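Shown next, in structure tokens, is the structure this report addresses.
All values derive from a computational prediction rather than experimental measurement. Only heavy atoms go into these numbers, but all of them, side chains included; no hydrogens, no water, no symmetry mates. Letters A, B, ... mirror the listed sequences (proteins, then strands); counts begin at 1.
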Amino acid sequence: MALNIYNTLSRQKEEFKPLHEGRVGMYVCGPTVYSHSHIGHAKSYVSFDIIVRYFRFLGYKVLYVQNITDVGHLLDDGEDRMLKQSKIDKVHPMQVAETITHSYFEDMDALGVLRPDISPRATGHIIEQIELVKQLLEKGFAYEVKGSVYFDVRKYKDYGKLSGRSVEEMVEGTRVETRSDKRAPQDFALWKKADPEHIMRWPSPWGEGFPGWHIECSAMSMKYLGDRFDIHGGGLDNQFPHHECEIAQSECATGHAFATYWIHNNLVTVNGQKMSKSLGNFVTLKDAFKKFNPLILRFFILQSHYRSPLDFSDEALRGAGAGLEKLLNTVRNLRHELARAGTESRTADALIDLAMFKARLRETMDDDFNTPQAIAILFDFSREVNTLLNTGTPYTAASLLAIDRVYREFGGDILGLIPEAIETGGSSNGAMEGGLIQLLIDIRKEVRAQKLWALSDAIRDGLKNIGITLEDKKDGTTWKRG
RNA sequence: GGCGCGGUACCCAAGUGGUUAAGGGAGAGGUCUGCAAAACCUUUAUGCGGCGGUUCGAAUCCGCCCGGCGCCUCCA
């Protein structure tokens with residue numbers, strides 16, 4: 001079965017066909033680095049992380065570009081986000097950018113989001129942006145007014161094709177007062193003249209100024225991926241106006257199509273309410289991580305589809321935490337068995353229809369990256385694995401390894417939920433802690449043999465209190481954290 | 001006002017024309033166990049917001065209605 005992707009441009013699922021055989025060029029709108037990342041960022045970048053991982057699993061050579069916006073993102077009142085934050089913090093805007101960029105990657109790393117191949121900064125590509133604006137002026141798609149340059153939306157017939165809006169509708173819907181220096185209210189800035197007190201400024205053919213927000217993504221995506229590439233992604237909220245403007249600029253500048261597939265992830269709500277900075281109910285990842293392990297957040301996000309909205313609540317997160325633990329527990333037990341299988345003479349082959357499970361997983365991921373369905377299949381798979389492990393039958397290392405490979409490929413490589421190394425308990429990792437716990441387990445075994453239950457339970461409860469859980473199995477006791 | 005998305009069990013959430021409506025959490029009962037924990041088994045929607053329609057057949061398509069949310073203005 002071929003990979004099918006929902007393309008916002010056509011509003012339907014389409015079979016993925018790369019522009020260049022075996023390669024995928026992908027650009028995703030990255031964060032504006034003025035404040036710490038929140039759970040909305042997590043949903044977006046985890047979603048695209050899955051897409052990148054799955055393409056790589058399928059054997060594509062992926063070039064993943066995700067920008068860092070550190071200039072040009074203007075607020076309603078025309079003030080630059082970066083400048084506003086720098087005034088609040090009383091530091092240089094580039095210091096804000098640097099601090100928040102570090103913070104962003106720290107949070108994404110915690111969530112298991114693989115780093116983009118290229119993370120271009122807008123301020124590092126002023127020259128490219130100016131070049132693009134010059135091209136648009138030369139071709140007559142833009143006009144200059146008092147040191148600022150605007151894109152003339154009426155010159156581009158397809159404006160609105162991504163978001164399904166017409167220019168006429170937009171005029172009617174415009175609430176903000178029409179800026180006097182624009183020819184039409186829908187026109188958007190490519191380059192803005194800098195006021196005297198504006199710190200972030202660069203020389204240009206139109207005087208000192210700074211780039212508009214939309215232009216950076218056109219300039220940087222085309223610089224690194226070519227003026228045509230496969231996938232452009234971002235949050236649904238960027239569909240309009242940001243992506244619509246990007247398409248207009250890029251297609252007018254090059255004279256041909258821009259990105260082939262447009263992918264948009266849905267947004268996040270908190271306790272049923274829209275999460276927004278103006279409402280002040282946004283949850284930063286650093287705060288969320290204090291309550292929930294980052295992997296639990298990742299699991300929670302992947303348990304719903306990327307095109308579905310996701311509502312965050314503590315109850316839902318707790319449920320996700322229990323679910324993830326169930327999954328990891330099985331893998332932990334499997335690897336524990338695997339560690340022993342190598343040293344004991346094992347006889348039986350573990351009988352699970354691995355080919356069937358792998359085919360189901362492939363099929364469901366091929367259907368527009370259906371991660372919730374994939375997770376459900378992993379749970380089906382785990383039920384069989386648990387049953388197998390509970391029989392106490394000795395299995396060959398090879399057959400257990402084959403089972404583990406399914407977890408590694410789909411649960412690890414693709415979904416990023418199952419860590420390379422899970423605490424296996426029992427087996428000594430050379431750490432003193434592990435040795436001490438094993439010593440207590442051995443002593444407790446003796447105590448239990450003498451049926452001294454009170455003492456036996458005291459050991460187990462004591463360990464539980466310091467975060468170590470013992471589990472008595474048919475063939476011995478194992479331990480885990482938590 | 002314009003555009004768009006979805007209403008599936010106590011909670012989260014797949015499924016989008018056809019055998020018994022996935023999966024996870026929570027609850028209940030059971031098996032195993034000294035007891036726990038974990039695991040496994042059984043169980044919790046004759047029904048998928050409501051009302052009509054199309055069809056041999058609809059949660060799935062169409063229409064209307066009722067509530068929910070998002071975008072149109074900065075946000076991933």
Side-chain angles (χ1 to χ4, degrees), chain A residues 11 28-32 34-35 37-48 66 73-79 81 84 160 163-166 168-170 172-176 213 233-242 264-269 272-278 282 299-300 303-305 307-313 315-327 329-330 332-333 364 367 370-380 382-391 448 451-454 456-457 460-461 464 469-474 477-480:
Chain A
R11 292 177 193 283
V28 170
C29 287
T32 300
Y34 68 102
S35 69
S37 302
H38 51 68
I39 53 181
H41 292 104
K43 176 165 165 67
S44 185
Y45 300 121
V46 165
S47 297
F48 288 104
Q66 185 193 97
H73 196 160
L74 303 185
L75 291 157
D76 260 0
D77 54 13
E79 187 171 21
R81 275 200 179 293
K84 184 175 184 182
S163 55
R165 294 155 202 268
S166 68
E168 297 73 49
E169 280 168 10
M170 283 178 262
E172 289 169 16
T174 302
R175 289 188 211 161
V176 179
W213 173 37
L236 199 55
D237 51 343
N238 274 333
Q239 186 179 313
F240 187 89
H242 186 53
H264 292 97
N265 64 274
N266 215 313
L267 308 178
V268 153
T269 53
Q273 281 291 110
K274 163 197 168 94
M275 183 180 78
S276 76
K277 278 155 193 169
S278 51
F282 69 96
F299 180 80
F300 177 64
Q303 254 195 321
S304 85
H305 191 86
R307 282 192 289 111
S308 299
L310 183 60
D311 185 50
F312 272 76
S313 66
E315 187 188 0
L317 261 304
R318 275 194 295 274
L324 177 63
E325 180 53 31
K326 183 188 173 90
L327 194 63
N329 212 25
T330 301
R332 189 185 290 117
N333 291 151
T364 201
D367 183 17
N370 193 338
T371 56
Q373 189 73 269
I375 288 172
I377 294 167
L378 279 181
F379 276 110
D380 284 342
S382 289
R383 190 180 304 110
E384 294 200 17
V385 174
N386 282 326
T387 301
L388 208 68
L389 295 176
N390 276 349
T391 60
R448 290 177 74 210
K451 298 191 190 301
L452 299 171
W453 306 127
S456 163
D457 291 349
R460 186 172 62 198
D461 294 345
K464 180 75 182 172
T469 303
L470 297 188
E471 292 179 4
D472 295 328
K473 307 274 177 63
K474 283 193 179 71
T477 299
T478 61
W479 64 273
K480 65 175 182 181

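Contact annotation for A/Gly40: base contact, defined as any heavy-atom pair under 4.0 Å involving a base atom. Among the protein residues, A/Val28 comes within range of no part of the nucleic acid, since none of its heavy atoms lies under 4.0 Å from any strand. In this structure, A/Leu378 reaches neither bases nor backbone, as no heavy-atom distance under 4.0 Å exists between it and the strands shown.
Here, B/G17 and B/C41 have their C1' atoms 34 Å apart, quoted to the whole Å. For the C1' atom pair drawn from B/G15 and B/G23, the interatomic distance equals 11 Å after rounding to whole Å. Here the separation of B/G4 from B/C40, taken at their C1' atoms, is 46 Å to the nearest Å. Nucleotides B/A45 and B/C11, compared at atom P, are 13 Å apart to the nearest Å. Comparing the P positions of B/A22 and B/G27 gives a spacing of 22 Å, expressed to the nearest Å. Rounded to whole Å, the P atom of B/C74 lies 29 Å from the corresponding atom of B/A13. Comparing the same atom, C1', in B/A14 and in B/A59 gives a spacing of 12 Å after rounding to whole Å. Between B/G47 and B/U20, the distance separating the two C1' atoms is 13 Å to the nearest Å.
If you take CG of A/Leu327 and C1' of B/A39, they are 14 Å apart, rounded to a whole angstrom. We find that CG of A/Asn390 is positioned 12 Å from C1' of B/C41, with the value rounded to whole Å. Protein atom CH2 of A/Trp213 is 11 Å distant from nucleotide atom C1' of B/U73, rounded to whole Å. A/Gln239 has its CD atom 17 Å from the C1' atom of B/C74, to the nearest Å. Here B/G70 presents its C1' atom at 14 Å from NE2 of A/His264, a figure rounded to the nearest Å. The nearest whole Å value for the distance from the CG atom in A/Asp311 to the C1' atom in B/A13 is 12 Å. A/Lys473 places its NZ atom 13 Å from the C1' atom of B/A36, with the value rounded to the nearest Å. Rounding to whole angstrom units, CG of residue A/Leu236 and P of B/C74 are separated by 15 Å.
For B/C3, the paired base is B/G70 (Watson-Crick or G-U wobble, both distances below 3.5 Å). Checking B/G17 for Watson-Crick or G-U wobble geometry (two distances, each under 3.5 Å) identifies no partner in any strand. Nucleotide B/G63 is matched to B/C51 when pairs are restricted to Watson-Crick or G-U wobble geometry with both distances under 3.5 angstrom. In this entry B/A58 has no Watson-Crick or G-U wobble partner, no candidate having both defining distances under 3.5 Å. Checking B/A37 for Watson-Crick or G-U wobble geometry (two distances, each under 3.5 Å) identifies no partner in any strand. The pairing partner recorded for B/C10 is B/G25, the criterion being a Watson-Crick or G-U wobble arrangement whose two distances lie under 3.5 angstrom. In this entry B/A45 has no Watson-Crick or G-U wobble partner, no candidate having both defining distances under 3.5 Å.
Using a cut-off of 4.0 Å between Lys/Arg side-chain N and Asp/Glu carboxylate O, A/Arg332 and A/Glu325 are scored as salt-bridged.
A/Ser163 and A/Gln239 get closest at one heavy-atom pair: CA-NE2, 3.4 Å. Of all heavy-atom pairs spanning A/Asn238 and A/Cys29, the tightest one is ND2-CB, 4.0 Å.
For A/Glu471, whose side chain is taken as the heavy atoms from C-beta onward, the closest listed nucleotide among B/A14, B/A37, B/A76 is B/A37. Each of B/C40, B/A13, B/A14 was ranked by its minimum atom distance to the side chain of A/Ser308; first place goes to B/A14. Distance from the side chain of A/Leu267 is smallest to B/A76 among B/A76, B/A13, B/C12.
In this structure, A/Asn329 does not reach the B/A38 phosphate: none of its side-chain N or O atoms is under 4.0 Å from OP1 or OP2. The phosphate of B/G15 has OP1 or OP2 within less than 4.0 Å of a side-chain N or O from A/Asn370. Here A/Thr32 reaches the OP1 or OP2 of B/A76: one of its side-chain N or O atoms lies under 4.0 Å away.
Under the salt bridge (charged side-chain N to carboxylate O under 4.0 Å, His left out) criterion, A/Lys326 pairs with no residue at all, not counting sequence neighbours. Residues passing the salt bridge (charged side-chain N to carboxylate O under 4.0 Å, His left out) test with A/Asp461: none are found, sequence neighbours excluded. Residues passing the ring pair (Phe, Tyr, Trp, His ring centres under 6.0 Å) test with A/His305, sequence neighbours excluded: none. Among residues two or more places apart in sequence or in another chain, the side-chain contact (heavy atoms from CB on, under 4.5 Å) test is passed with A/Leu267 by A/Leu236, A/Asp237. Annotation: side-chain contact (heavy atoms from CB on, under 4.5 Å) contacts of A/Pro309 (sequence neighbours excluded): A/Asn266.
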### Task
Check step by step if side chain to side chain contact (heavy atoms under 4.5 Å, CB included) holds for A/Phe300 and A/Leu324.
CA-CA 9 Å; A/Phe300 177 64; A/Leu324 177 63; over 6 Å; no

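Taking the nucleotide of RNA chain B with the nearest heavy atom to each of A/Leu310 and A/Asn265, the more 5' of the two is matched to A/Leu310. The nearest heavy atom of RNA chain B to A/Phe48 and to A/Glu325 marks one nucleotide each, and the one closer to the 5' end goes with A/Glu325.
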### Task
Scan nucleotides 20-35 of chain B nucleotide by nucleotide, 5' to 3', and note B when protein non-hydrogen atoms come under 4.0 Å of the base, S if they reach only the sugar-phosphate, - if neither.
--BBSS--------BB

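Side-chain N or O atoms of A/Ser313 include one that pairs as donor or acceptor with a backbone N or O of A/Ala316 at under 3.5 Å.
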